[in-house]
**Q** 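Below is the structure I would like to discuss, written out as structure tokens.
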Amino acid sequence: MRYDFNKIEKNWQDYWAKNETFKASNTSDKPKYYVLDMFPYPSGAGLHVGHPLGYIASDIYARYKRHKGFNVLHPQGYDSFGLPAEQYAIQTGQHPAITTETNIATYRRQLDQIGFSFDWSREVRTSNPEYYKWTQWIFIQLFESWYNNNSNKAEAIDTLITKFTSEGNTTVNAACDENIEPFTAEDWNGYSSEKQQELLLKYRLTYLAETEVNWCPALGTVLANDEIVNGVSERGGHPVVRKKMTQWSMRISAYAERLLQGLDTIDWTDSLKESQRNWIGKSVGASVSFNVIASEAQQSANSEKQIIDVFTTRPDTIYGVSFMTLAPEHELVSQITTADQKADVEAYIEKTAKRSERDRMADVKTISGVFTGAYAEHPFSKEPIPIWIGDYVLASYGTGAVMAVPCGDQRDYDFAKYFNIEIPNIFEDIDISEEAYGSKDNVKIANSDFLNGMNYKKATKRAIYELEQIEQGEGKTNYRLRDAVFSRQRYWGEPFPVYYVNGMPQMIDKAHLPIVLPEVEKYLPTEEGEPPLGRADVWAWCTEFNSVVSNDKINNTTIHPLELNTMPGWAGSSWYFFRYMEDAANRGETFASEDALKYWENVDLYIGGSEHATGHLLYSRFWVKLLKDRGFVNVEEPFKKLINQGMILGTSAFVFKLNLMWQDTTFHRGSEDYLKDLAQKLPTILCSTDVYQKYFSDGLSLFELNEKHDLPELDTFLNNVDTNQVDIHKLSFGETMIHTDVSLINSSNELDIEGFKNWRKGYKDVSWIFEDDKTYKVFRDVEKMSKSKYNVVNPDNIVADYGADSLRLYEMFLGPLEQYKPWNTAGITGVHNFLKKMWKLYVGENGLNVNGAEPTKDNLKTLHKTIKKVQEDIENFSFNTSVSTFMIAVNELTQQKCTSKEILQPLLVLISPYAPHIAEELWERLGNSESISTTPFPTFDASHLVESSKNYPISFNGKMRFTIELPMDMSKDDIEAAVLANEKTIAQLDGRTPKKVIVVPGKIVNIVG
RNA sequence: GCUGAAGUGGUGGAAUUGGUAGACACGUUGGACUUAAAAUCCAAUGUCCAUUAGGACGUACGGGUUCAAGUCCCGUCUUCAGUACCA
């Protein structure tokens, strides 16, 4: 009976589906365990072998936990809103919903054939109205919440209104817009409803405001900070500019501190936590107010006193301030600039405004700035301080202004040096003639009045105290984390449940959700520059009938326009893990029932790519905290443990195409143009890698190459070279590497020539230079898998040729889960042979090899060391080493000719998480009628591993020479005596007396001397 | 620049607390079976020297601690990832 993996795998996949083997229950006596993968965006290209890596790892863990007696939730779904489907729609007119549906079908087919233990009954799709109904609902919750800094949590907006009605806003300590005017209860009650709404918007956790956004003209939409990489859009790499627009924003900054603190409570990698910490960017220091010294003109005009607020992490260096720098965009710049400096300042502002974000980032070395002509007054010394503007100060961080302390900050130092500004030294015994002293350690403050002689810690405390005394500053913590822009000018996303009355946003009542995405003719922005939803004809809200109606009915009394933006990609993915908790049957009334949320709590193990470190993983945490504060869920963090799987890279294959190369000495006369022309005419010659590399290192010329090989085209070519112009013997060659489809390469890197000729029609009649054995060897290099590099490997082919179990084992066998590693299909024969060998251990020519034979000591030892190792490996997510362990176990048991059911049956349970199909098949053949999936994991018994003797390595000065078999229970002294008496030891010592003998019982003996 | 991860045969990688470096595979070479191929099985395979016995070297590089270092410490280099005039 041969191992017919295709048939076996199909059978068991059908069995699991039919019996709903992996359907999770929300009521169980078993402890719960929730294993989640980051759900995929269903792209048109389908899966390549890199995609399932994380899914296989999580599936192994989920299956292992079932064997360990847990009630496991292991769901899967699709993040199905997104740009590619929309762009396809723009090009073809195909509705994104149809494209998405087709792609999902492909994904599902591909996933199913790998044999995952997903509970598909709980599938979610973010683009389904019954799903995004709840995304809209959460948006409304955010709108109806404000963040109370006193209770340190979000509260219902009603509680804020109550406060305003009775106390005004002066006693409210909220995370809100800056510069909100103070008002009393009387004021509030006297305000118009519109004025009240306007004010409330400044407190809501999602708010509509004119903000400076990242506008991507090529994509026609705004982008969040995490969607921009190196100054260009993450998708497509298009330029991004700053632009003021009215947009929905999420007040994530309210949660900055809790997002930071929460990191200490979860089991994520340090690098990931560090990314989030950097993104949140907490810095502790002080805010300081500097009064601007009014010019004579201002004094006579009796204008208001101007104040520049700055944030500093070094209030202790306040006496080192010798100038101030404002961002060119700072609002005070135009007011304080003197008439003399006006022209220079305006020119500078114009110059910097023209530079894109990217240019500014690329060029951080150039120092530039302009003096405004104005001065500020030092809060303590009352000395005048010149005010400059410079683009090294960013408008978007802190207050957009800095107090420059050149002796303590390198950028201030460089600026001061460049513009010849004074650099006062306020550090005791520190030389600042070459560079600033940026460290806080090992230094005492000097020349600083009341701070003299203090260290950083003391001086900081005192400076803040003194600033507070004169009411010109206070201790302050600043965060880099900005509020997240939540509007996108796209079609294929969640519509907002929002309509506008006189320009003020109104929420549609929860009872009328979902607001379903309207139909449009085209998926482009309108001619007027409105988002695609501006093309919808039926996109107005009727407050009488609570329904979406035709736009012509808009009367601004009962029927109002709806929001035209849609939500960003991260909206639907910020809460999907809760949706899975509910049985599909009970998903009507809530996003997940209280019981389900209480039972499953949060995700125990989350596996996905590291590219979501600052986007999805931060936004999800934010939304979960909001939902917790408002009493909808019970957990503070969504993902207890998180693992990033590394990417699987492709092993690209290249053929070398020869091209012409020359040096100056190649010319006799004439011009280089002749050679360039000649280069065009060189016949196409493909040279095998090893041959090429040998020729290249030998420095062979083209002429010599022609002599070695019989290449008629090259011969003709060389005969036609004008030898008056060119020294033909000095004509050399180089190579152009041409990507070749990896499916044309065999395991020895040999190219399938006929296949290549058919694949690349342009290369049908080229000249070939082969190896001595008449093969063509390609050059290989590791790159990211991509269609354009022809190195994509489709799992469908692997499953057809070797089976899902082989694919699963091989993906794990490649290396540590978290590491980047290259795929090489050739290696799969290793694990495939292992499965065949394992099959043979159980099934012989004439039926089962397994019987009731009493297990031998060796059998038991092999089994139990395998149990121990595999269990440890799974718990450490070291899946690659367990695959080796299985190989060793099967090799040993084959060697031992083991037929004992007592050994071979538990072995199947160990392998079942990794290769579930073959495990189920053999399990059934051993006479079991139930699926192996919930069979208890075998228990490790250490007594089987106890050895009576040890093969001691004997080393001399740390170098192992030979081994001696000695009893385990031998004493240290006896071991020493036995080793020294051994003839090999005597021969090794050659008459010398050892200085010292180290004996580590059970480990090693080392003889020094 | 800063932060994090890493550097081991021809290749992917193993070595859990310092204790036999290179497990397990791929590839390569040789052999068996076969008319032949595939499949399967057996053997060898870190480098260098040596007919053998054996020896020297060897975990990016340079030092150090130790009876003993891939593993610990100090310094240097390289690669990858993230991030950046963050005041």
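Letters go in sequence order (proteins before strands), and every chain restarts at 1. In this text, all values refer to a predicted model and were calculated from it rather than measured experimentally.
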**Q** Hey, does A:Ser884 reach any base, or is it just sugar-phosphate, or nothing, if we go heavy atoms under 4.0 Å?
**A** base
**Q** So what does A:Asn824 touch, heavy atoms closer than 4.0 Å: a base, only the sugar-phosphate, or nothing?
**A** nothing
**Q** Can you tell me which residue among A:Asn1006, A:Val979, A:Ile1004, A:Asn982 is in a side chain to side chain contact (heavy atoms under 4.5 Å, CB included) with A:Ile954?
**A** A:Val979
**Q** Rounding to an integer number of angstrom, what distance separates B:A21 and B:G58 when you compare their P atoms?
**A** 13 Å
**Q** Who is the Watson-Crick or G-U wobble partner of B:C77, with both distances under 3.5 Å?
**A** B:G7
**Q** In whole Å, measure the gap between the P atoms of B:U29 and B:C77 for me.
**A** 42 Å
**Q** Could you identify the nucleotide paired to B:C67, looking across every strand shown and requiring Watson-Crick or G-U wobble geometry with both distances under 3.5 Å?
**A** B:G19
**Q** Considering only atom P, compute the distance from B:U71 to B:U8 and round it to an integer number of Å.
**A** 14 Å
**Q** Using Watson-Crick or G-U wobble geometry with both distances below 3.5 Å, tell me the partner of B:G1, or none.
**A** B:U83
**Q** Need one value for A:Ser955: base, sugar-phosphate or nothing, where a base atom within 4.0 Å counts as base even if backbone is also close, heavy atoms only.
**A** nothing
**Q** Go ahead and name the base partner of B:U59; Watson-Crick or wobble counts if both distances stay under 3.5 Å, otherwise write none.
**A** none
**Q** Classify the nucleic acid contact of A:Asn478 as base, sugar-phosphate or nothing, counting any heavy atom under 4.0 Å across all strands shown.
**A** nothing
**Q** Measure the distance from NE2 on A:His612 to P on B:A81 and round it to the nearest whole Å.
**A** 17 Å
**Q** For RNA chain B, whose closest nucleotide is more 5', that of A:Lys996 or that of A:Gly815?
**A** A:Gly815
**Q** Can you tell me the Watson-Crick or wobble partner of B:G13, both distances under 3.5 angstrom?
**A** none
**Q** To the nearest Å, give me how far apart OH (A:Tyr456) and P (B:A87) are.
**A** 11 Å
**Q** Could you tell me which non-hydrogen atom of A:Gly408 sits nearest to which non-hydrogen atom of A:Phe427, and how far apart they are?
**A** CA-CE1, 4.0 Å
**Q** Look at all strands and tell whether A:Gln819 reaches a base, only sugar-phosphate, or nothing, counting heavy atoms closer than 4.0 Å.
**A** sugar-phosphate
**Q** So, are A:Glu750 and A:Lys777 salt-bridged, with charged N and O less than 4.0 Å apart?
**A** yes
**Q** For the rings on A:Tyr810 and A:Tyr802, is their centre-to-centre separation under 6.0 Å?
**A** no
**Q** In the structure shown, which nucleotide is the Watson-Crick or G-U wobble counterpart of B:A43, with both distances under 3.5 Å?
**A** B:U29
**Q** Do you see a donor-acceptor pair shorter than 3.5 Å between the side chains of A:Asp414 and A:Gln410?
**A** yes
**Q** Pick base, sugar-phosphate or nothing for A:Arg482, based on heavy-atom distances below 4.0 Å to the nucleic acid.
**A** nothing
**Q** Take atom C1' in B:C26 and the same atom in B:U34, then report the distance between them in whole Å.
**A** 26 Å
**Q** Between A:Glu274 and A:Val1000, which has a closest nucleotide on RNA chain B that is more 5'?
**A** A:Glu274
**Q** State the CG-OG1 distance between A:Leu945 and A:Thr862, to the nearest 0.5 angstrom.
**A** 9.5 Å
**Q** When all nucleic acid strands are considered with a 4.0 Å heavy-atom cut-off, which category describes A:Lys836: base, sugar-phosphate, or nothing?
**A** sugar-phosphate
**Q** For the side chain of A:Asp391 and the base of B:C85, is some donor closer than 3.5 Å to an acceptor across the two?
**A** yes
**Q** Rounding to the closest angstrom, what is the interatomic distance between B:A25 and B:G46 at atom P?
**A** 16 Å
**Q** Show the numbers, then the answer: is there a side-chain contact (heavy atoms from CB on, under 4.5 Å) between A:Glu947 and A:Lys861?
**A** CA-CA 10 Å; A:Glu947 298 273 1; A:Lys861 193 178 148 191; 2.6 Å; yes
**Q** In this structure, how many angstroms lie between the C1' atom of B:U3 and the CZ atom of A:Arg480, rounded?
**A** 12 Å
**Q** Do the charged groups of A:Lys972 and A:Glu976 touch, with an N to O distance under 4.0 Å?
**A** no
**Q** What's the CD1-P distance between A:Ile648 and B:G12, to the nearest Å?
**A** 14 Å
**Q** Tell which nucleotide pairs with B:G54, taking only Watson-Crick or G-U wobble pairs whose two distances are both under 3.5 angstrom.
**A** B:C49
**Q** Taking any heavy-atom pair under 4.0 Å as a contact, classify A:Asn278: base, sugar-phosphate, or nothing.
**A** nothing
**Q** Please classify the glycosidic conformation of B:G9 as syn (within 90° of 0) or anti (everything else).
**A** syn
**Q** A:Asn957 CG to B:U66 C1': how many Å, rounded?
**A** 13 Å
**Q** Which whole number of Å gives the distance between the P atom of B:U52 and that of B:C41?
**A** 31 Å
**Q** Scan A:Asn749 against the nucleic acid and name what it touches under 4.0 Å (heavy atoms): base, sugar-phosphate only, or nothing.
**A** nothing
**Q** Write down the distance separating the C1' atoms in B:G22 and B:U59, rounded off to the nearest Å.
**A** 9 Å
**Q** Using atom P in both nucleotides, what's the gap between B:A87 and B:A5 to the nearest angstrom?
**A** 22 Å
**Q** Any base atoms under 4.0 Å from A:Lys869, or only sugar-phosphate, or nothing? Heavy atoms, all strands.
**A** base
